[in-house]
Number of protein chains: 2
Amino acid sequence: MTTTKLPPLLQDDPPTLADRAYLSLRDAIIEGTLAPGMKLSERGLAAMLGVSPQPVREALRRLEGEGMAETRSRSGTYVAELSVDRLLEMGRIRSALEGVAAGIAARRRTPVDIAALRARLTAVRSATASGDERRLAAANAQLHETLHAIAGNALLIRSLQAVNAYYHISTRRILVHKSEVSASLAEHTAIVEAVIAGNADEAEALMRAHTGRSVDVAAVELNR
Amino acid sequence: MTTTKLPPLLQDDPPTLADRAYLSLRDAIIEGTLAPGMKLSERGLAAMLGVSPQPVREALRRLEGEGMAETRSRSGTYVAELSVDRLLEMGRIRSALEGVAAGIAARRRTPVDIAALRARLTAVRSATASGDERRLAAANAQLHETLHAIAGNALLIRSLQAVNAYYHISTRRILVHKSEVSASLAEHTAIVEAVIAGNADEAEALMRAHTGRSVDVAAVELNR
DNA sequence: CATGACAGACTGCTATCGCAGTTTGGCAGT
DNA sequence: ACTGCCAAACTGCGATAGCAGTCTGTCATG
């Protein structure tokens, strides 16, 4: 019997109905299908999704915790109103959390993580060259998610997933300039290098600046 | 009929059983009554709290989202293990979020908010003079919570409440030096002034430095 | 026509029950 | 003494039912 610590044998649990209901509702809110102010009835949504009200209720409570829904007892749950100011605030929160995540990732990264990061960065680079915006967005998202996974902090990951929902709402409303794309690649490269080097403070500062720029761009575009 | 915007007439809903179960369990984890690795059985806890498993389940899901519990499907929910590194990470997250909150508060603060802030700061000052540590901790907490309320961002408030649970775990493990106390008062004063002045960037930087110092202190103490 | 009240539908919240998969303790076989 | 196995207890998950409030539309009343 070897005493070396084995990697976790048990994989993640399969997503529950509550998880899937959450994702459905969240995406519908991001997409605008569920517009601000709309009523989110436990029973009504349950019928639409073909499940019982129980998983729906759980999903709604989670959305509530993320600020995307508001509940008044015995009256109803509604899609939260979202002003431009709020949206910008979410961007600032995202920036701060992404920065912290990068810093933590720089402290915890293992050789395996480093290999994964290099792979993600390569994917981003080739996606940038391809000019396919969808593909680039996906590659960028994967790079960020890889960093979150390396940080491996459950609270941080949850919070980032929440603010990313708002980030998606933002990117749906504004258009990204071409010049941003190449700058983004350079920044991503620098961030990954800092993480690989284990330079936590630099990784955090770079990531914060990188994501902070999105907020500034959004501030200009959204207030037009 | 006046057209001036009225303050919200409907107050907050009374706390539900799920809310109260959450608070009970969270406090028990902070206090150590529920130690890391312990099983959190829905039915068992429900019996202890005198409610049905349903509200307990909701509380557990929330704790899970905050990283204080982990669930393996059909096996059980357990109190999450918490290494010193993780605890320090939570401090960094807290620092970042508190900074953002202070910055947002500086942008949104109204005359009423300013009055409230001055009152809280006065309470902190007198509590500091009294030398009563319990009272000072409570006054400090109220000052911070006032800033959160002024920021008024649901996601931010939720996240801060979560990380504050970890902050309480930290403060239970370390002892605070006397010299920290007076420095803390000066910092709180500067932060409040920046918020009142509407200087968001300065408020954020000051708050971040203020809360970041706690992390550094904890890093030294916890690694002893 | 305006207004008030009241009945029914609807809401979120909690309790109870059943299902399918996991864990565990003790017994049978070596 | 040790190992393999199996059944009973236990687990989280989901469905269903009922409660106490809230909201709404209609109808009687001025």
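Since we're looking at a predicted model, the values are computed, not measured. All heavy atoms count here, side chains included; hydrogens, waters and symmetry mates do not. Labels below follow one simple rule: chain letters A, B, ... track the order of the sequence lines, proteins then strands, and each chain is numbered from 1.
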Using only side-chain N and O atoms of Thr77(B), determine if any of them is under 4.0 Å from OP1 or OP2 of dT11(D). no
When you measure from the side chain of Asn164(A) to the backbone of Gln161(A), do you find a donor-acceptor pair of N or O atoms at a distance under 3.5 Å? no
With sequence neighbours left out, write down each residue that passes side-chain hydrogen bond (donor to acceptor under 3.5 Å, both in side chains) with Ser73(B), or none if nothing qualifies. none
Positions of residues 60-71 of chain B (non-hydrogen atom under 4.0 Å from DNA chain C), listed by number: none
Quick tally for nucleotides 16-25 of chain D: nucleotides whose base has a protein heavy atom under 4.0 Å get B, sugar-phosphate-only ones S, the rest -, giving B-B--BSS--
List the residues meeting side chain to side chain contact (heavy atoms under 4.5 Å, CB included) with Asp216(B), not counting sequence neighbours, and say none if there are none. none
Side chain to side chain contact (heavy atoms under 4.5 Å, CB included) partners for Ala200(B), two or more places apart: Ala106(B), Arg107(B)
Nearest-Å distance, CG (Leu40(B)) to C1' (dC10(D))? 15 Å
To the nearest angstrom, how far is Glu58(A) atom CD from dA15(D) atom P? 11 Å
Rounding to a whole Å, what distance do you find between Leu17(B):CG and dT16(C):P? 12 Å
Identify, with sequence neighbours excluded, every residue that meets side-chain hydrogen bond (donor to acceptor under 3.5 Å, both in side chains) alongside Glu70(A). none
Who pairs with Arg109(A) by side-chain hydrogen bond (donor to acceptor under 3.5 Å, both in side chains), at least two apart in sequence or on another chain? none
Test side chain to side chain contact (heavy atoms under 4.5 Å, CB included) applied to Thr71(B) - qualifying residues, sequence neighbours left out: Glu64(B), Thr77(B)
Starting at CG of Asp19(A) and ending at P of dC13(D), how long is that distance when rounded to a whole Å? 9 Å
Side-chain N or O of Arg57(A) less than 4.0 angstrom from OP1 or OP2 on dG12(C)? no
Distance-only check: which donor-acceptor pairs under 3.5 Å involve side-chain atoms of residues 141-153 of chain A, not counting sequence neighbours?
from      : atom 1 : to        : atom 2 : distance (Å)
Gln142(A) : OE1    : Arg120(A) : NH1    : 3.0
His144(A) : ND1    : Glu98(A)  : OE1    : 3.3
His144(A) : ND1    : Glu98(A)  : OE2    : 3.4
His144(A) : NE2    : His188(A) : NE2    : 3.1
Thr146(A) : OG1    : Arg120(A) : NE     : 3.1
Thr146(A) : OG1    : Gln142(A) : O      : 2.7
His148(A) : NE2    : Glu98(A)  : OE1    : 3.0
His148(A) : NE2    : Glu98(A)  : OE2    : 3.1
His148(A) : NE2    : His144(A) : O      : 3.3
Asn153(A) : OD1    : Leu155(A) : N      : 3.1
Asn153(A) : OD1    : Leu156(A) : N      : 3.2
Asn153(A) : ND2    : Glu89(B)  : OE1    : 3.0

Taking the nucleotide of DNA chain D with the nearest heavy atom to each, does Ser41(B) or Thr16(A) sit closer to the 5' end? Ser41(B)
Could you give the CG-to-P distance, from Asp13(A) to dA20(C), as a whole number of Å? 18 Å
Over the length of the helix from dC1(C)-dG30(D) to dT30(C)-dA1(D), how much do the five-pair end axes diverge, rounded to 10 degrees? 10°
Listing request: all salt bridge (Lys or Arg N to Asp or Glu O under 4.0 Å) pairs with a residue in residues 20-46 of chain A, at least two apart in sequence or in separate chains. Glu42(A)-Arg57(A)
My understanding is that only residues two or more places apart in sequence, or in another chain, count here; which of them pass side-chain hydrogen bond (donor to acceptor under 3.5 Å, both in side chains) with Arg213(B)? Glu180(B), Glu187(B)
Between CD of Glu42(B) and P of dA15(C) the distance, given in whole Å, is 13 Å
Minimum side-chain heavy-atom gap Thr211(A)-Tyr167(A) below 4.5 Å: no
